[in-house]
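A note on names: the letters A, B, ... follow the listed sequences, proteins ahead of strands, and every chain is numbered from 1.
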There are 2 protein chains.
Amino acid sequence: MRRDVFQAIADPTRRAILTLIAFQAMTPNALAEHFGSSRQAVSKHIKILAECELVRQEASGRELYYHLNPNKMKELDSWLQPFRETWEGRFNQLDNILDNLKTK
Amino acid sequence: MRRDVFQAIADPTRRAILTLIAFQAMTPNALAEHFGSSRQAVSKHIKILAECELVRQEASGRELYYHLNPNKMKELDSWLQPFRETWEGRFNQLDNILDNLKTK
DNA sequence: TATATTTGCAACTCAATGGTTGCAAATAAT
DNA sequence: ATTATTTGCAACCATTGAGTTGCAAATATA
């Protein structure tokens with residue numbers, strides 16, 4: 001199964017995990033406690049996030065701490081970039097021209 | 001079924017549709033022709049994109065033209081914003097401080 | 001008017017997703 | 001050494017996902 005960041009952030013729980021560990025590295029148990037669900041459910045989410053390198057693991061004894069890898073988020077940002085240029089209005093003038101051509 | 005932009009862009013076909021119609025409004029048949037798949041498959045994707053307002057429809061006779069709604073992409077951008085601040089290195093100094101505390 | 005084109009809706013299949021429980025391995029605490 | 005804690009793996013279940021085909025409705029064309 002191919003993993004990519006787009007699929008990874010599709011799940012609201014995974015987005016919440018990313019937000020949490022961006023603030024502070026956490027163990028799977030701590031995360032499971034924070035959400036209502038089981039540890040295994042969280043671990044599955046983490047596995048998906050780790051497969052596409054959005055999180056990194058750091059072992060400390062028998063505990064695992066999950067860190068955010070913010071660099072990987074750049075993939076999202078890169079995909080968004082051309083659209084951002086559009087909504088920031090840089091092409092508004094072009095839109096107007098096209099609209100005028102249509103209505104005339 | 002709740003639709004949000006994160007789930008909408010999780011599918012690679014839907015991302016491709018968004019990129020295509022950002023350049024030029026297209027009909028479902030034209031989109032289906034562009035991809036290998038059937039018109040109904042494309043229409044299903046469009047339905048999902050329309051439900052979360054990423055695309056708008058414009059009827060012209062029996063044909064439907066799909067337009068991108070770039071404003072809706074801002075939701076993605078907003079979610080990404082705090083992470084962007086991180087990878088842009090604004091917190092690098094803080095990271096270094098924390099690393100130093102750990103290793104000492 | 002009769003035919004062709006464009007689309008929507010419903011039913012169906014198959015694979016993937018998110019969740020659970022149970023058990024084993026590894027590490028920490030008593 | 002024994003017990004408790006933390007995690008990973010496997011099996012299983014219910015729901016959703018993306019895709020298909022078939023048919024009906026609406027619009028254009030002959």
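Note on B/Ile48: only backbone sugar-phosphate atoms sit closer than 4.0 angstrom, heavy atoms only; bases stay farther off.
For the residue pair B/Thr13 and B/Asp11, the shortest heavy atom distance occurs at N-OD2, 2.8 Å. When all heavy atoms are compared, the tightest approach of A/Ser43 to A/Pro28 is OG-CB, 4.0 Å.
The shortest distance between the side-chain N/O atoms of A/His45 and the OP1/OP2 oxygens of C/dG19 is below 4.0 Å. Between B/Asn29 and the phosphate of C/dT7, there is a side-chain N or O to OP1/OP2 separation shorter than 4.0 Å. Here B/Ser38 does not reach the OP1 or OP2 of D/dG19: none of its side-chain N or O atoms lies under 4.0 Å away. At D/dG17, one or more side-chain N or O atoms of B/Gln7 fall inside 4.0 Å of OP1 or OP2 (strictly under the cut-off). Look at B/Arg39 and you won't find any side-chain N or O under 4.0 angstrom from OP1 or OP2 of D/dG22.
Nucleotide D/dT6 holds its P atom 10 Å from the OH atom of A/Tyr65, rounded to whole Å. Put simply, CG on A/Leu31 is 16 Å from C1' on D/dG8, counting in whole angstrom units. Distance CD (B/Gln40) to P (C/dT6): 13 Å, rounded to an integer number of Å. To the nearest angstrom, P of D/dT6 lies 9 Å from CD of A/Glu33. To the nearest angstrom, P of D/dT7 lies 16 Å from NZ of A/Lys47. Atom P of nucleotide C/dT17 and atom CZ of A/Phe6 are separated by 16 Å, given to the nearest angstrom. In this structure, B/Asp11 places its CG atom 17 Å from P of C/dA15, rounding to the nearest Å. Between the P atom of D/dA18 and the CD1 atom of B/Ile46 lies a distance of 13 Å, rounded to the nearest Å.
Residues A/Val42 and A/Ser60 both approach DNA chain C. Their nearest nucleotides, taken by heavy-atom distance, put A/Val42 toward the 5′ side.
Closest approach to the A/Glu63 side chain among C/dG18, C/dT6, D/dT6 is made by D/dT6 (side chain taken as heavy atoms from C-beta onward). The nucleotide whose nearest atom lies closest to any side-chain atom of B/Arg3 is, among D/dT20, D/dT7, D/dG17, D/dG17.
Checked by distance alone, A/Lys44 brings a side-chain donor or acceptor within 3.5 Å of a matching partner on the base of C/dG19. Residue B/Arg62 places a side-chain atom within donor-acceptor reach of the base of C/dT5, judged by atom type and a 3.5 Å distance cut-off alone.
A cation-pi arrangement is present between A/Arg15 and B/Phe6, with the terminal nitrogen or guanidinium carbon under 6.0 Å from the aromatic centre and inside a 45° cone about the axis.
Remark: of the listed residues A/Ile46, A/Ile48, A/Val42, A/Ile48 is the sole one forming a side chain to side chain contact (heavy atoms under 4.5 Å, CB included) with A/Arg14. With A/Leu54 as the partner, the side chain to side chain contact (heavy atoms under 4.5 Å, CB included) test is satisfied by one option alone out of A/Asn69, A/Val5, A/Ile17: A/Val5.
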